[in-house]
Amino acid sequence: QVQLVESGGGLSQAGGSLRLSCAASGRTFSSYTWGWFRQAPGKEREFVAAITYSGDSTYYADSVKGRFTLSRDNAKNTVYLQMNTLKPEDTAVYFCAATNSYFPSTYYYTREKKFDYWGQGTQVTVSS
């Protein structure tokens, strides 16, 4: 059974940092594309970042570009989202996702429906 488990969420002051982890089990994810999405209260889930199966390319939402960094450790079946210079508007539940589908363009990496496996989410709260 495939399972994605996020960790590392919590409370931070504005300007602080948190690192989220997403560990996969049930199969080897070295050939999978990973993504992070987030959902703030009363809002739809939105794309945050994605990384290709090779790790050669990463994609970020404009709102987090330059502040968040996504990386992967295939040996550990884990991806990491380093979040720096946090802002109150980063407050949300963060979800990791994975897929082994081929994405022919950048557009697909931002589409949550293109991802097959999802974690339960981890809460990130940033106070001002």
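All of these numbers come straight from a predicted model, not from anything done at the bench. We count residues from 1, following the sequence as given.
Counting heavy atoms from C-beta on, the side chains of Arg38 and Val64 come closer than 4.5 Å. At a threshold of 4.5 Å between non-hydrogen side-chain atoms, the residues Gln123 and Thr91 count as touching. Looking at Trp36 and Val79, their side chains come closer than 4.5 Å, going by heavy atoms from C-beta outward. Val48 places none of its side-chain heavy atoms less than 4.5 Å from the side chain of Phe95.
Remark: the backbone N or O of Thr78 is not paired with any side-chain donor or acceptor of Asp73 at under 3.5 angstrom. Side chain of Gln82 to backbone of Arg19: no donor-acceptor contact under 3.5 angstrom is found. A side-chain donor-acceptor contact under 3.5 Å links Tyr60 to the backbone of Leu70. Panel note: side chain Thr58, backbone Ile51; no donor-acceptor pair is recorded below 3.5 Å. In this structure, the side chain of Glu6 engages the main chain of Gln120 through a donor-acceptor pair within 3.5 Å. A donor-acceptor pair is defined here as one N or O able to donate and one able to accept, closer than 3.5 Å; such a pair exists between the side chain of Arg72 and the backbone of Thr52.
In this structure, Asn100 CG and Arg27 CZ are separated by 7.5 Å, a value rounded to the nearest 0.5 Å. For the atom pair CD of Glu46 and CD of Gln39, the computed distance is 9.5 Å after rounding to the nearest 0.5 Å. Taken from CD in Glu89 to OG in Ser63, the straight-line distance is 8.5 Å, to the nearest 0.5 Å. Rounding to the nearest 0.5 Å gives a distance of 5.0 Å between CG of Leu4 and CZ of Phe29. A distance of 14.5 Å separates CZ in Phe47 from NZ in Lys114, rounded to the nearest 0.5 Å. Within the model, atoms OG of Ser21 and CG of Leu81 stand 9.5 Å from one another, a figure rounded to the nearest 0.5 Å.
Contact detail for Ala92 and Ala40: the closest heavy-atom pair is CB-N, 3.7 Å. The two residues Ser128 and Pro88 come nearest to each other via the heavy atoms CB-CG, 3.8 Å. The two residues Ser17 and Asn84 have their closest heavy-atom pair at OG-OD1, 2.9 Å. Taking both residues in full, the closest heavy atoms of Tyr32 and Trp34 are given as O-CD1, 3.4 Å, listed atom of the first, atom of the second, then distance. Among all heavy-atom pairs drawn from Pro104 and Tyr108, the shortest one is CG-CE1, 3.4 Å.
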Would Asp90 and Lys87 count as a salt bridge (Lys or Arg N to Asp or Glu O under 4.0 Å) if you check the C-alpha gap in whole Å, the side-chain angles of each, and the deciding distance to 0.1 Å? CA-CA 5 Å; Asp90 293 321; Lys87 303 176 180 180; over 6 Å; no
Please walk me through it: do Trp118 and Thr99 pass side-chain contact (heavy atoms from CB on, under 4.5 Å)? CA-CA 9 Å; Trp118 289 83; Thr99 180; over 6 Å; no
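Between Phe103 and Phe115, the gap from one ring centroid to the other is short of 6.0 Å.
Within 6.0 Å of NZ on Lys65 lie more than 12 heavy atoms contributed by other residues, nucleotides or ligands. Shown here is Tyr53, whose OH atom has no more than 12 heavy atoms of other residues, nucleotides or ligands within 6.0 Å.
Under a hydrophobic-cluster definition in which Ile, Leu, Val, Met, Phe, Trp and Tyr are linked whenever side-chain heavy atoms come within less than 4.5 Å, directly or via other members, Phe37 and Tyr59 are assigned to the same cluster.
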